[in-house]
There are 2 protein chains.
Amino acid sequence: MAATIKDVAKLAGVAISTVSYALNNSPKISQATRTKVMEAARELSYQKNGFASDLKRTKTNTIALILSDLAGPYYSELTKGVQEVTTAHGYDLIACSSQGGPQSTAVKFLKEKRVDAAIILAHNISDEVIAESARKGFPIIILDRHLNNDYVVQVEVDNFHGGYVATEHLIQQGSKEIAFISGPPGSHDSDRRYSGYITALNEHHLEPKPKWRMHGDFTREGGYRATKMLMAQGSLPEAVFFANDEMAIGGMQAFKENKIRIPEDISIIGFDDIQLSEFMSPPLTTIKQPKYEAGALAMHLILQQLADEEVNQYYKLSTELIVRKSVK
Amino acid sequence: MAATIKDVAKLAGVAISTVSYALNNSPKISQATRTKVMEAARELSYQKNGFASDLKRTKTNTIALILSDLAGPYYSELTKGVQEVTTAHGYDLIACSSQGGPQSTAVKFLKEKRVDAAIILAHNISDEVIAESARKGFPIIILDRHLNNDYVVQVEVDNFHGGYVATEHLIQQGSKEIAFISGPPGSHDSDRRYSGYITALNEHHLEPKPKWRMHGDFTREGGYRATKMLMAQGSLPEAVFFANDEMAIGGMQAFKENKIRIPEDISIIGFDDIQLSEFMSPPLTTIKQPKYEAGALAMHLILQQLADEEVNQYYKLSTELIVRKSVK
DNA sequence: CTGTTAGCGCGTTCAC
DNA sequence: GTGAACGCGCTAACAG
C-alpha cells in the first residue's frame with residue numbers, strides 16, 4: 001500500500017539511490033532531477049520509513065523520558081525543562097511509562113536501542129533493568145535513585161536538606177511532636193527526606209517516636225489513609241511532615257473530615273510544591289524542588305554525553321522552603 | 001560495541017536464524033540449543049535492535065498519543081483510559097508532543113511509520129498533516145476536531161450540548177447578561193461550546209452582545225487577561241462562561257484582585273472539570289467531560305481497526321453539569 | 001559532474 | 001536446524 005523509495009524511483013525513472021540523495025538534499029543531484037523526484041514523491045505521498053533510516057544510521061535522534069505513570073501527577077515543570085532543551089537542540093522526545101514492569105514500554109525502549117538516551121523518573125523500574133540497559137554511547141540520567149554505574153549519571157534534588165529544612169521550620173514554629181508520613185517502601189527520595197527529618201529532630205534533642213511514623217505511598221489516598229491511622233491512635237502530634245504534597249492533600253482531607261483545623265489544631269508541611277498546593281485551603285507550606293532545572297540539566301547532560309564530552313556522575317540541586325498557611 | 005545477533009550466533013556456534021528462533025521461543029528449536037543460545041546471549045548481554053525487527057515485521061506494536069504539550073495540563077484521565085486499554089492488549093504506548101509544528105516529534109512519528117496508530121489531541125497539529133498521514137492500515141483517532149477522511153475516526157465530546165447546558169444553568173440561576181470567554185481562534189471545541197451558548201441565549205430570547213465576548217486561549221493567563229479586559233469595559237455581566245477551567249481559574253484570580261466576589265457579585269462557570277476545580281474557592285461549577293471514557297474508547301477503536309474490523313467514523317460522548325459554588 | 005551499482009544495518013522467516 | 005532472501009533506506013565506490 002504505502003509507497004516506498006522504490007516506487008518513487010520507478011515513477012521518477014531514476015535509481016533508488018538518486019531518490020535518497022535528492023530527498024536528503026545532497027548536492028550531487030541536479031535541480032531538474034531533484035524536482036522530478038520530489039514530484040514523484042508527492043504524487044505517491046511517499047513518506048520514508050523512519051526505522052529503516054534509523055537502522056542504517058544507528059542513531060534515532062530521539063530521547064526517552066521514562067515516567068512511572070503517564071497519567072500520573074508527574075512533574076510538568078520537569079517535563080518542560082526536558083522538552084525545551086530537547087527541542088532547542090533538534091532532538092525528539094517521547095514519554096513512556098514503566099507501568100507493567102519488565103513488559104512495559106519503558107523497558108522495551110530502554111533495552112532495544114530504540115532511543116539514543118533516556119531520563120528516568122520511575123520508581124517502579126528496577127535497578128537491574130537500568131544496569132542492563134546502560135552501555136557506552138547510551139546515556140541514562142536517573143532522577144530518583146542512587147546507582148553506581150559508569151554509564152549512568154545522577155541528578156538529585158537535595159532531599160535530605162529539604163527534609164531537614166521542613167522539620168526545622170516546624171520546630172521553629174513551636175512544634176515538638178512531629179509525625180512523618182513516608183512514601184512507598186524503598187523510595188530513595190522518601191528515605192532521604194526522612195533522614196533530614198531525623199537529623200533535625202536530633203539536633204533539637206527531640207526524640208523521634210515510632211508511633212509518629214506512618215507509611216503512605218506518595219498518593220493522595222495513601223496520605224489520607226495514613227492520616228486516618230495517625231488519628232486512630234488517640235493522641236495527635238502537633239505537626240505532620242508529609243513526604244510529598246499529594247499525600248499532604250489527602251491528609252488535609254482526612255483532618256477536615258474529623259474537624260481538626262489546620263493550622264490551629266495541627267501544622268502541616270508537604271514536599272514538592274505541586275501546582276495544587278497554593279490553591280488548598282489553607283495554602284500548603286511545602287518544600288519546592290527545582291524541577292524545571294532538574295529536567296533541563298538532565299537533558300544538557302545527555303547532549304554533552306552524546307557529544308562525547310565528559311560529565312560528572314553526580315549532580316545535586318537544592319530545595320527551597322515555601323511558607324504558606326498550613327503551619328501555625 | 002553492542003552485540004548483534006551475529007555475535008550470539010558465532011558464540012553459540014549456530015546459525016543466525018537459529019538464534020532468532022530460539023530467542024522468540026519457536027518450537028523448532030531443541031531445548032539444548034535454546035539453552036546454549038540463551039547463555040551466549042546473556043554472556044554478550046545481547047539485546048535485539050528493536051528497529052530491525054519492527055522493520056522486518058512492518059509492525060511496531062506501539063501506539064502514539066499525540067498531545068500539544070507534554071508538560072501541559074493535559075488530561076490525565078484521558079491518558080489513563082488510553083493507557084489501560086493499551087496495556088491490557090499488549091501494546092506499547094508513547095506520548096509525544098506536537099510542539100514545533102512540522103518539525104515536531106509528533107509529526108515525525110505520524111509520518112514515518114514509527115507507530116501502528118495514533119490518538120491525537122493537539123490543536124496545534126494541522127489538518128493537512130493528519131490528512132497526509134492517514135492511510136489504510138494506520139488508524140488515527142482525533143479527539144479535538146472535525147475532519148472528513150476515510151482513514152480518520154473522530155471521538156468527540158458533545159461540546160455543543162455542554163455549552164448549552166452551562167448557559168442554561170446560568171440563566172436558570174437568574175443571569176441574563178452572560179459573557180463568553182473563548183479558546184484560541186479556530187479551536188473546534190471552543191466554537192462548539194460557543195454555539196451551545198448562543199443557542200441557549202436565543203431560546204430564552206436573550207441577546208448575545210459582542211462586548212460580552214472575549215478571546216482567551218485556554219490558558220490561565222489568557223483567562224486572566226480576558227477577564228481584565230471584560231472589567232475594563234466599565235460594566236460587568238452577571239455571569240461568565242469560560243470555555244475551559246484553566247481560563248476560569250485565571251478569571252477568578254482577576255476578579256479577586258478587583259475585589260469582585262464570586263458568586264455574590266458575579267457567577268462563573270467553566271468547562272472540563274479539571275482536578276483543580278473542586279479545590280478552588282469557591283469550588284468551580286463546570287461541565288465535566290468523560291475523559292477516561294474518551295481515551296478508552298479511542299484505544300478500543302484502534303484495536304478494532306488493527307484487527308480489520310469496521311468501525312463508525314464518528315462517536316459522540318455526553319457531558320455532565322457539575323454544580324459547585326461559583327454560580328449564585 | 002551526474003547517476004548507478006552494490007553492500008550494509010539487523011533481525012525474521014520461508015524453503016529445504 | 002540452516003541458508004538466503006527480505007524489509008527499506010543510506011552511502012561509498014564506481015561508471016558514464
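The sequence lines fix the lettering, A, B, ..., with proteins before strands; numbering per chain opens at 1.
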_Interatomic distance, A:I5 CD1 vs C:dT4 C1' [rounded to whole Å]_ = 14 Å

*Within the structure shown, what part of the strands sits under 4.0 Å from B:I16 by heavy-atom distance: base, sugar-phosphate, or nothing?*
base

*asked:* At 4.0 Å (heavy atoms only), tell me whether A:V19 reaches a base, stays on the sugar-phosphate, or touches nothing.
replied: nothing

*asked:* When you measure from the side-chain N and O atoms of B:Y46 to the phosphate of C:dC10, is any distance below 4.0 Å, counting only OP1 and OP2?
replied: no

_5′-ward residue of the pair B:Y21/B:K48 relative to DNA chain C_ = B:K48

*Which sits closer to the 5' end of DNA chain D, B:L55 or B:Q31, going by the nucleotide each is nearest to?*
B:Q31

*With a 4.0 Å cut-off on heavy atoms, is A:S53 in touch with a base, just the backbone sugar-phosphate, or nothing at all?*
sugar-phosphate

*Base, sugar-phosphate alone, or nothing: which one does B:A15 contact when heavy atoms must sit under 4.0 Å apart?*
sugar-phosphate

_By the 4.0 Å heavy-atom rule, please label B:D54 as base, sugar-phosphate, or nothing._
nothing

_Polar pair under 3.5 Å, donor/acceptor by atom type, side chain B:S17, base D:dG3_ = yes

*Once you round it to whole Å, what is the distance between C1' of D:dC8 and CD of A:Q47?*
14 Å

*Answer yes if the side chains of A:D54 and A:T60 hold a donor-acceptor pair under 3.5 Å, and no otherwise.*
no

*Candidate list B:I120, B:V152, B:I140, B:N149, test side-chain contact (heavy atoms from CB on, under 4.5 Å), partner B:S133, passing option*: B:I140

*Select from B:G13 and B:T58 the residue whose nearest nucleotide in DNA chain D is closer to the 5' end of that strand.*
B:G13

*Return the value, rounded to whole Å, for the distance between atom NZ of B:K56 and atom P of D:dA4.*
16 Å

*Under 4.0 Å between any heavy atoms, over every strand shown, what does A:S30 touch: base, sugar-phosphate, or nothing? Just pick one.*
sugar-phosphate

_OP1 or OP2 of C:dG9 versus the side-chain N and O atoms of B:N49: is any pair under 4.0 Å?_
no

*Is it the case that A:R114 places NZ or CZ above or below the six-membered ring of A:F109, under 6.0 angstrom from the centre and within 45 degrees of the axis?*
yes

*Write down the distance between NZ (B:K10) and P (D:dT2), rounded to a whole number of angstrom.*
16 Å

*Length of the NZ-P vector between A:K6 and D:dC6, whole Å*: 8 Å

*To the nearest Å, give me how far apart NZ (A:K28) and C1' (D:dC14) are.*
10 Å

*Within this structure, what is the CZ-to-P distance between B:F51 and C:dG11, rounded to whole angstrom?*
13 Å

*Pick from A:M299, A:H89, A:Q83: which one makes a side-chain contact (heavy atoms from CB on, under 4.5 Å) with A:I63?*
A:M299

*Could you check whether A:T18 gets within reach of a base, just the sugar-phosphate, or nothing at all, counting any heavy atom under 4.0 Å?*
base

*Between A:T33 and C:dG3, does any side-chain N or O lie under 4.0 Å from OP1 or OP2?*
yes

*Could you tell me how the ring of A:H146 sits relative to the ring of A:H188: parallel (under 30°), tilted (30 to 60°) or perpendicular (over 60°)?*
perpendicular

*Salt bridge present between B:K80 and B:E77 (N-O < 4.0 angstrom)*: yes

_Separation of atom CG in A:L23 from atom P in D:dT11, rounded to whole Å_ = 13 Å

*Among C:dG3, D:dC8, C:dT12, which nucleotide sits nearest the side chain of B:N24?*
C:dT12

